[in-house]
Amino acid sequence: MSGFPDIAVRSGLVDLLVVAAELSQPVDVDNEGQVLLLGNDCDHPEREGCRAAFAAHASALRALLEDEALPDGLIRADDRECLLKTVEPQRHPSSYEVVSRGEAPLRWSPA
């Protein structure tokens, strides 16, 4: 609905999308402050539901963000960045494996 210019509450819908995008971001379990404030992902399955909804509608969200006919100021730059982050493939620490190359220290490598 936020993609339709005729909707009177369009800016409010964009704000709602941004809030959902922010709250659906994975929580860094190594960041104690973030965990205290937001809780662990395992305690909030709704985050995965939001991520799935954004993934299912990624093409529509990209089209909205690329729409050159959008009124100036409808989507702020930081909000646009947040929304783009929700439709880009995410790399979670669980999708990496630790590898060792001889005497070299351990490093992260894509699985």
Side-chain angles (χ1 to χ4, degrees):
M1 287 180 59
S2 60
F4 295 104
D6 304 359
I7 304 289
V9 293
R10 186 177 192 187
S11 64
L13 292 171
V14 171
D15 291 342
L16 182 62
L17 281 174
V18 172
V19 169
E22 286 286 354
L23 292 176
S24 70
Q25 293 301 311
V27 173
D28 179 2
V29 296
D30 295 329
N31 183 329
E32 186 178 342
Q34 196 176 40
V35 172
L36 285 172
L37 181 64
L38 300 171
N40 287 310
D41 276 354
C42 62
D43 297 329
H44 295 279
E46 68 276 6
R47 290 183 187 144
E48 185 56 40
C50 284
R51 289 191 284 267
F54 278 112
H57 300 283
S59 62
L61 185 55
R62 279 192 195 97
L64 173 68
L65 295 172
E66 294 169 359
D67 184 354
E68 293 180 8
L70 287 177
D72 287 339
L74 179 65
I75 304 176
R76 295 187 320 256
D78 56 334
D79 290 345
R80 180 180 300 277
E81 183 179 324
C82 172
L83 291 168
L84 280 171
K85 196 166 37 170
T86 64
V87 296
E88 293 174 351
Q90 299 292 310
R91 292 193 174 208
H92 303 288
S94 60
S95 66
Y96 286 80
E97 64 180 11
V98 177
V99 295
S100 175
R101 305 265 188 230
E103 297 296 319
L106 290 176
R107 65 178 177 85
W108 291 104
S109 175

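This one's a predicted model, so the numbers in the text were calculated from it and none came from an experiment.
Scanning for salt bridge (charged side-chain N to carboxylate O under 4.0 Å, His left out) contacts around D43 gives an empty result, with sequence neighbours left out. Listed by chain and number, the residues in a side chain to side chain donor-acceptor pair (under 3.5 Å) with H57 amount to none (sequence neighbours excluded).
Taking the side chain as every heavy atom from C-beta outward, V27 and H44 never approach each other to under 4.5 Å. Looking at heavy atoms from C-beta onward, L65 lies in side-chain contact with I75 at the 4.5 angstrom threshold.
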For side chain to side chain contact (heavy atoms under 4.5 Å, CB included), just list the numbers for R76 and V18, CA-CA rounded to whole Å, side-chain angles, deciding distance to a tenth of an Å, and then say yes or no. CA-CA 10 Å; R76 295 187 320 256; V18 172; over 6 Å; no
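When hydrophobic clusters are built by joining Ile, Leu, Val, Met, Phe, Trp and Tyr residues whose side-chain heavy atoms come closer than 4.5 Å, directly or via intermediates, F54 is grouped together with L84. Grouping the Ile, Leu, Val, Met, Phe, Trp and Tyr side chains by contacts below 4.5 angstrom, directly or via other members, places L38 apart from L36.
Salt-bridge check for R51 with D41: passed, with a basic side-chain N closer than 4.0 Å to an acidic carboxylate O.
In E48, the CD atom is crowded: over 12 heavy atoms of neighbouring residues, nucleotides or ligands sit closer than 6.0 Å. The 12-atom threshold is not exceeded at CD of E32, counting heavy atoms of other residues, nucleotides or ligands nearer than 6.0 Å.
In this structure a side-chain-to-backbone donor-acceptor pair under 3.5 Å is missing from N40 to C42.
Note: R80 CZ to K85 NZ = 15.5 Å, rounded to the nearest 0.5 Å. Summarising the geometry, atom CG belonging to L17 is positioned 12.0 Å from atom CD belonging to E22; distances are rounded to the nearest 0.5 Å.
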